[in-house]
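Reviewing the structure listed below.
Note that this is a predicted model, so its numbers are computed, not measured.
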Amino acid sequence: GYYGCKSNKEMFEENNVPGNDFLAETCKIWEEEAMRIENLGAKTIIIRTGIVISKHGGMLHKILKLLPFRMIPVFGKGTNIIPWIHIDDMCAIYKFAIDNTSLQGIYNAVSNNCSQLEFMQTIQHVYKKKNIIFRIPTLLMKSILGEMATILITGNAISNSKIIEAGFSFIYTNTIKALEKEICN
């Protein structure tokens with residue numbers, strides 16, 4: 001949420017300014033507090049995390065509950081970007097951050113980006129059973145969830161180049177492989 005609830009073609013990097021909505025402001029305050037420890041001379045690393053792909057929690061866990069009913073939701077138009085990371089890569093980034101003594105600062109933790117519709121279609125493909133992909137209109141989302149609907153209908157492309165340049169290698173950069181690991185195992 002650091003970069004704000006927007007939907008645009010910009011690829012956000014660690015040096016971009018925060019958004020100006022509630023989530024972005026909350027992330028900004030968290031990061032400012034975390035950086036206070038750096039003033040004490042402690043190694044400080046901030047990891048901005050994308051949507052974590054895991055069957056044990058989060059967004060995928062909730063969607064998997066709908067699969068026996070042969071339903072997969074798409075919120076709004078489905079064109080919003082989902083910056084995602086597989087749980088194994090997320091854990092590996094934490095270990096990389098701890099083990100790498102020269103690593104310091106802010107890093108985006110995303111393996112890749114795809115549209116919400118592409119993500120849901122990939123779930124359908126991996127699940128290998130016919131599901132109905134149904135759209136929940138933006139207006140309905142906003143009338144039920146209010147401002148919280150923004151989280152589900154917007155999204156930003158997030159760059160992972162800084163963590164890669166630091167020497168980290170992702171295991172899962174392909175949406176199909178990441179979802180197969182969680183859905184088929």
Take atom [atom1] of [X] as the centre, draw a 6.0 Å sphere, and report whether it contains more than 12 heavy atoms from other residues, nucleotides or ligands.
X: Ile37; atom1: CD1; result: no
X: Glu147; atom1: CD; result: no
X: Leu139; atom1: CG; result: no
X: Ile132; atom1: CD1; result: no

Taking only residues two or more places apart in sequence, or in another chain, which ones meet [X] in a salt bridge (charged side-chain N to carboxylate O under 4.0 Å, His left out)?
X: Glu165; value: none
X: Glu25; value: none
X: Lys95; value: Asp99

Is a side-chain donor or acceptor of [X] paired with a backbone partner of [Y] at a separation under 3.5 angstrom?
X: Lys181; Y: Ser54; result: no
X: Arg48; Y: Glu14; result: yes
X: Asn160; Y: Val110; result: yes
X: Asn131; Y: Gln124; result: no

For residues 105-141, which residue pairs pass the ring pair (Phe, Tyr, Trp, His ring centres under 6.0 Å) check, not counting sequence neighbours?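 Qualifying pairs, neighbours excluded: none.
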
Write out all pairs satisfying ring pair (Phe, Tyr, Trp, His ring centres under 6.0 Å) with one or both partners inside residues 70-102, taking only residues at least two apart or from two chains.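 Sorted pair list: His86-Tyr172, Phe96-Phe168.
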
Quick check on the hydrophobic clustering: are [X] and [Y] connected, directly or via other members, by side-chain heavy-atom contacts under 4.5 Å?
X: Ile51; Y: Ile163; result: no
X: Ile164; Y: Leu103; result: yes
X: Leu152; Y: Leu140; result: yes
X: Met148; Y: Ile144; result: yes
X: Ile183; Y: Ile82; result: yes

Could you walk me through whether Asn156 and Glu10 satisfy the side chain to side chain contact (heavy atoms under 4.5 Å, CB included) test, starting with their C-alpha distance in whole Å, then the side-chain angles of each, then the deciding distance to 0.1 Å, before giving a yes or no? CA-CA 7 Å; Asn156 302 312; Glu10 182 179 357; over 6 Å; no

For residues [X] and [Y], report the shortest heavy-atom separation together with the two atoms involved.
X: Ala166; Y: Asn100; result: O-ND2, 3.9 Å
X: Ala97; Y: Lys43; result: O-NZ, 2.8 Å
X: Thr173; Y: Ser111; result: CG2-O, 4.1 Å
X: Ile47; Y: Ala109; result: CG2-CB, 3.4 Å

What residues, two or more places apart in sequence or in another chain, satisfy side-chain contact (heavy atoms from CB on, under 4.5 Å) together with [X]?
X: Glu38; answer: Met35, Thr44, Gln104
X: Thr122; answer: Glu118, Val126, Thr175, Ile176, Leu179
X: Thr138; answer: Lys142, Ile153
X: Ala24; answer: Asp21

Side chains of Tyr3 and Asn108: any donor to acceptor distance under 3.5 Å?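 Short answer, yes.
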
Between Gln116 and Asn80, is there a side-chain donor-acceptor contact under 3.5 Å, judged purely by atom types and distance?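 The answer is yes; a qualifying pair exists.
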
Residues 55-73 side chain polar contacts: donor-acceptor under 3.5 Å, at least two apart:
residue : atom : partner : partner atom : Å
Lys55   : NZ   : Asn185  : O            : 2.3
His61   : ND1  : Lys55   : O            : 2.8

Could you go through the side chain to side chain contact (heavy atoms under 4.5 Å, CB included) check for Ser115 and Thr79 one step at a time? CA-CA 5 Å; Ser115 74; Thr79 55; 5.6 Å; no

Given salt bridge (Lys or Arg N to Asp or Glu O under 4.0 Å), test Lys28 with Glu31 step by step and report yes or no. CA-CA 5 Å; Lys28 181 182 168 208; Glu31 288 187 10; over 6 Å; no

As an exercise, state the distance from [atom1] of [X] to [atom2] of [Y], rounded to the nearest 0.5 Å.
X: Ser159; Y: Glu13; atom1: OG; atom2: CD; result: 4.5 Å
X: Ile93; Y: Thr49; atom1: CD1; atom2: OG1; result: 7.5 Å
X: Cys184; Y: Lys128; atom1: SG; atom2: NZ; result: 5.0 Å
X: Leu117; Y: Ile133; atom1: CG; atom2: CD1; result: 6.0 Å
X: Asn112; Y: Cys114; atom1: CG; atom2: SG; result: 7.0 Å

Given Trp30 and Glu32, is the side chain to side chain contact (heavy atoms under 4.5 Å, CB included) satisfied, shown in steps? CA-CA 5 Å; Trp30 282 347; Glu32 287 170 355; over 6 Å; no

Could you go through the side chain to side chain contact (heavy atoms under 4.5 Å, CB included) check for Ile151 and Leu23 one step at a time? CA-CA 9 Å; Ile151 297 167; Leu23 282 178; 3.6 Å; yes

Under the 4.5 Å side-chain heavy-atom rule for ILVMFWY, direct or indirect, which residues accompany Ile98?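 Same cluster as Ile98: nobody, lone residue.
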
Contact check, side chains of Ile85 and Phe170, non-hydrogen atoms, under 4.5 Å: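 Yes, their side chains come closer than 4.5 Å.
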
Who passes side chain to side chain donor-acceptor pair (under 3.5 Å) against Ser143, sequence neighbours left out?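 Checked Ser143 against side chain to side chain donor-acceptor pair (under 3.5 Å); zero matches.
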
